[in-house]
> 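First, the structure itself, so that you have it in front of you.
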Amino acid sequence: MPTSAPVPGGRARLSEEVYRRLRADIIDGVILAGSPLVEDEIAERLGVSRTPVRESIQRLAADGLAESRRRRWVVRAYSAEEVVEIYGVRAALESHAARLAALNASDAQRAEIEAQRELMTTEDASVLAERAKTNDIFHDLITAASGNSRLLKDLREQRLFHFNARVASVYTAEDLNRSSRQHGALIDAVVGARPAEAAEVALEHVEFSMQLVLRKLY
């Protein structure tokens, strides 16, 4: 179950922290699709009143992570068709971001991306849980290097549907190896200032991720 440590702070901070915790639990698969989001239970578990919980659930609904069903809130379950649409948008954005990163990244940004190589290309299955947590950081570095702040914002919204932790838990050795090779090729292309190659590798990687999600979770 999700952590039950009390949430500290004033009302705005409480609402933000409750939202952050609930969103992370949903994205990481701690709270599964279709699970009820009961205000009283969440408030008691987190040691807060119902108000920040209610506000947080409403924000989750705006994100597309929660929905009202028969006058109660539940974690939204996405169909396979919706996943294909979500990843289709991601594929276009990630590919464009990678192309721009290869063109626009500063020397410092290229060095920072290169520094991720060991973790993001390892074929050691024991680091999968850690890599699932840092995967978005790695891709954010590439998107930030594009120089387009709107791209970064839009991609972060799309990555609410990565399912990283859930998929990582059922990776095969070949899944891990292929993902690692793609990460390595993406780093090579961005650091090496090869925009067309970076775009192609990013597109391939997102489409591979989509197939994993469909195969493992549907």
Side-chain angles (χ1 to χ4, degrees), residues 20 23-24 27-29 63 83 86-217:
R20 186 188 64 79
R23 185 179 70 169
I27 294 168
D28 291 344
D63 289 340
V83 169
I86 290 164
Y87 273 81
V89 173
R90 269 196 55 211
L93 294 177
E94 295 272 13
S95 180
H96 185 50
R99 184 182 72 84
L100 291 178
L103 288 171
N104 299 330
S106 67
D107 290 342
Q109 287 172 322
R110 294 182 198 279
E112 195 171 9
I113 292 168
E114 177 62 43
Q116 302 297 311
R117 185 183 293 273
E118 181 177 359
L119 177 60
M120 300 311 297
T121 63
T122 183
E123 296 181 3
D124 178 2
S126 68
V127 303
L128 266 176
E130 179 184 0
R131 197 163 95 178
K133 293 178 181 179
T134 59
N135 186 72
D136 286 354
I137 296 173
F138 168 67
H139 287 288
D140 277 353
L141 288 174
I142 293 175
T143 305
S146 74
N148 187 321
S149 59
R150 187 174 294 275
L151 261 180
L152 183 59
K153 177 181 180 294
D154 289 347
L155 272 170
R156 280 176 172 164
E157 291 177 355
Q158 292 300 321
R159 288 181 191 141
L160 290 171
F161 311 104
H162 252 179
F163 307 108
N164 283 339
R166 293 172 63 193
V167 174
S169 67
V170 289
Y171 257 39
T172 65
E174 176 53 33
D175 294 334
L176 175 59
N177 293 347
R178 186 172 175 187
S179 177
S180 294
R181 290 193 298 270
Q182 290 172 345
H183 282 154
L186 184 56
I187 293 170
D188 288 342
V190 172
V191 172
R194 300 192 293 272
E197 181 181 336
E200 182 178 354
V201 173
L203 179 62
E204 177 187 351
H205 182 59
V206 176
E207 290 179 343
F208 167 67
S209 298
M210 179 188 70
Q211 292 302 323
L212 277 181
V213 169
L214 294 174
R215 190 166 77 246
K216 305 290 187 180
L217 304 182

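Note that this is a predicted model, so its numbers are computed, not measured. Here, residue 1 is the first one in the sequence, and each next residue gets the next number.
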> Could you pull out the closest heavy-atom pair between Ala199 and Ala98, with the gap in Å?
N-CB, 4.3 Å

> Look up atom OG1 in Thr134 and atom CG in Asp140, then write down how far apart they are to the nearest 0.5 Å.
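So the OG1 of Thr134 and the CG of Asp140 are separated by 11.5 Å.
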
> Nearest 0.5 angstrom please: Leu119 CG to Asn135 CG, how far?
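Rounded to the nearest 0.5 Å, the CG-CG separation comes to 9.5 Å.
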
> Measuring from atom OG of Ser209 to atom CD of Glu94, what distance do you get when rounded to the nearest 0.5 angstrom?
8.5 Å

> Which atom pair, heavy atoms only, marks the closest approach of Ala198 to Ala102?
CB-CB, 4.1 Å

> From Leu141 CG over to Asp136 CG, what is the distance, rounded to the nearest 0.5 angstrom?
11.0 Å

> Please report the interatomic distance CD(Glu123) to CD(Glu174), rounded to the nearest 0.5 Å.
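Going from the CD atom of Glu123 to the CD atom of Glu174 covers 9.0 Å.
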
> Is the side chain of Ser180 donor-acceptor paired with the backbone N or O of Thr122 at a distance under 3.5 Å, no angle test?
yes

> Quick check: do Leu155 and His139 have side-chain heavy atoms less than 4.5 Å from each other?
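No, every pair of side-chain atoms sits at 4.5 Å or beyond.
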
> Should we count CG of Asp107 as having more than 12 external heavy atoms under 6.0 Å?
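Not more than 12 within 6.0 Å, no.
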
> Report the C-alpha separation of Met120 and Leu186 in whole Å, then their side-chain angles, then the decisive distance to 0.1 Å, and conclude whether the side chain to side chain contact (heavy atoms under 4.5 Å, CB included) test is met.
CA-CA 10 Å; Met120 300 311 297; Leu186 184 56; over 6 Å; no

> I'd like to know if the side chain of Ser95 and the backbone of Ala92 have a donor-acceptor N/O pair within less than 3.5 Å.
no

> Please determine whether side chain to side chain contact (heavy atoms under 4.5 Å, CB included) holds for the pair Arg178 and Gln182, giving the CA-CA distance in whole Å, both sets of side-chain angles, and the decisive distance to 0.1 Å.
CA-CA 6 Å; Arg178 186 172 175 187; Gln182 290 172 345; 3.7 Å; yes

> Could you tell me the separation between the NE2 atom of His183 and the CD1 atom of Ile142, rounded to the nearest 0.5 Å?
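The NE2 atom of His183 sits 8.0 Å away from the CD1 atom of Ile142.
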
> When you look at CD of Glu197, are more than 12 heavy atoms from neighbouring residues, nucleotides or ligands closer to it than 6.0 Å?
yes

> Taking the side chain as every heavy atom from C-beta outward, state whether Arg194 and Asp188 have any atom pair closer than 4.5 Å.
yes

> Do His205 and Ser179 have side chains that get closer than 4.5 Å, going by heavy atoms?
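Yes. Closest side-chain heavy atoms under 4.5 Å.
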
> Would you name the heavy atoms of Ser146 and Asn104 that are closest together and state the gap between them?
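In this case the closest contact between Ser146 and Asn104 is O-ND2, 3.0 Å.
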
> Of all the heavy-atom pairs spanning Leu103 and Pro195, show the shortest one and how long it is.
CD2-CG, 3.7 Å

> How far apart are the closest heavy atoms of Val190 and Ile113, and which atoms are they?
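Minimum heavy-atom contact is CG1-CD1, 3.9 Å.
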
> Using side chain to side chain donor-acceptor pair (under 3.5 Å) as the criterion, point out the one residue from Gln116, Arg110, Arg117 that pairs with Glu114.
Arg117

